[in-house]
Amino acid sequence: MEEFCKRLQMLIDLKKIEQKDLARAIGKNPSQVSKWVSGFVGTPHRTTLVKIAEFFKCDIEWLATGVGEPYSYTPPKGDAINFDFKTEARTATSITNEHHKELIEWIEEQDDGLDYWALLKAKLTQESPEFKEWLKAKRIEHRQEKKLG
């Protein structure tokens, strides 16, 4: 993600909060947060970036520049898992795959207010054109099913 406004909006969406909640937490006016999210003003000063990164518990370098990852990955139960999402998505036939089970358990155990499924979906959409197209087709399919039933 190149633009600060998109990264900030992603964090707000993942945390499922409103802009005013962020503004209150970092001691800024809600209109200032709105300006950042809309892209009307650029990246805030470093002291404000620190507050935002602390609030979201995300990587400040990623927040400021888009370089790196928003969150560091901690493997489930402390054991490193070699998990390549693209390979797994191509080869997995069911949720019985052990890696999938461990990943699902880890996601369900998290209690930090983040929607890890949304984060994963955003990451896959960003990195995989195939996933983005698949997701688009699924959304269209879902809308058509809703219309019919």
Side-chain angles (χ1 to χ4, degrees), residues 1-26 28 30-44 49 52-77 79-149:
M1 284 186 190
E2 295 175 19
E3 299 176 42
F4 173 76
C5 61
K6 290 179 182 177
R7 292 188 299 275
L8 183 59
Q9 184 63 60
M10 184 186 99
L11 293 171
I12 290 170
D13 292 345
L14 289 173
K15 191 94 168 167
K16 296 181 180 178
I17 62 168
E18 295 182 21
Q19 291 177 12
K20 65 181 180 179
D21 300 323
L22 173 60
R24 189 178 316 114
I26 64 171
K28 293 290 182 182
S31 66
Q32 183 62 44
V33 174
S34 178
K35 289 176 186 176
W36 291 327
V37 170
S38 69
F40 186 72
V41 293
T43 306
L49 281 171
I52 295 170
E54 287 174 355
F55 176 77
F56 287 111
K57 297 179 178 97
C58 71
D59 181 78
I60 192 166
E61 183 68 21
W62 174 84
L63 179 63
T65 66
V67 173
E69 298 295 326
Y71 297 97
S72 61
Y73 172 70
T74 305
K77 299 178 181 76
D79 296 326
I81 296 176
N82 293 324
F83 190 83
D84 175 9
F85 288 110
K86 203 168 189 176
T87 302
E88 290 295 323
R90 286 187 184 134
T91 59
T93 57
S94 72
I95 202 66
T96 58
N97 181 301
E98 278 304 309
H99 293 301
H100 290 164
K101 285 181 183 178
E102 289 182 43
L103 179 62
I104 289 169
E105 287 173 12
W106 178 78
I107 289 172
E108 290 173 348
E109 290 171 1
Q110 302 311 302
D111 188 25
D112 54 12
L114 294 176
D115 184 343
Y116 281 83
W117 290 118
L119 181 62
L120 178 60
K121 185 168 62 173
K123 178 88 172 135
L124 287 171
T125 301
Q126 181 182 5
E127 292 183 0
S128 171
E130 297 93 355
F131 179 79
K132 189 174 185 176
E133 288 301 313
W134 175 83
L135 188 59
K136 184 178 175 182
K138 284 294 181 186
R139 287 181 181 146
I140 292 169
E141 183 181 306
H142 180 70
R143 274 188 239 129
Q144 289 173 342
E145 288 175 0
K146 264 183 133 177
K147 285 180 183 178
L148 295 175

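In this text, all values refer to a predicted model and were calculated from it rather than measured experimentally. We number each residue from 1, following the sequence as shown.
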Distance from Lys15 atom NZ to Cys58 atom SG, nearest 0.5 Å?
-> 10.0 Å

Minimum heavy-atom separation for Leu11 to Phe56, with atom names?
-> O-CE2, 3.4 Å

Would you say the side chain of Met10 lies within less than 4.5 Å of the side chain of Asp13, judging by non-hydrogen atoms?
-> no

Partners meeting salt bridge (charged side-chain N to carboxylate O under 4.0 Å, His left out) with Lys35 (sequence neighbours left out) | none

Does any non-hydrogen side-chain atom of Trp36 lie less than 4.5 Å from one of Thr43?
-> no

Which pair of heavy atoms, one from Phe4 and one from Leu63, lies closest together, and at what distance?
-> CD1-O, 3.3 Å

Atom pair CD1/CD1 of Ile52 and Ile26 - distance to nearest 0.5 Å | 4.0 Å

Find the distance between CD (Glu3) and NZ (Lys6) and round it off to the nearest 0.5 Å.
-> 4.5 Å

Rounded to the nearest 0.5 Å, how far apart are OG of Ser34 and CZ of Phe40?
-> 10.0 Å

Spacing of Lys28 atom NZ and Leu22 atom CG [to the nearest 0.5 Å] | 11.0 Å

Looking only at non-hydrogen atoms, find the nearest pair between Ala64 and Arg7 and report the distance.
-> O-NH2, 3.1 Å

All side-chain contact (heavy atoms from CB on, under 4.5 Å) counterparts of Glu61, not counting sequence neighbours | Asp59, Thr65

Qualifying residues under side chain to side chain donor-acceptor pair (under 3.5 Å), relative to Gln32, sequence neighbours excluded | none

With side-chain contact (heavy atoms from CB on, under 4.5 Å) as the test, would you mind laying out the steps for Trp62 and Val67 before giving the verdict?
-> CA-CA 5 Å; Trp62 174 84; Val67 173; over 6 Å; no

CZ-CG distance between Arg143 and Leu148, expressed to the nearest 0.5 angstrom = 13.5 Å

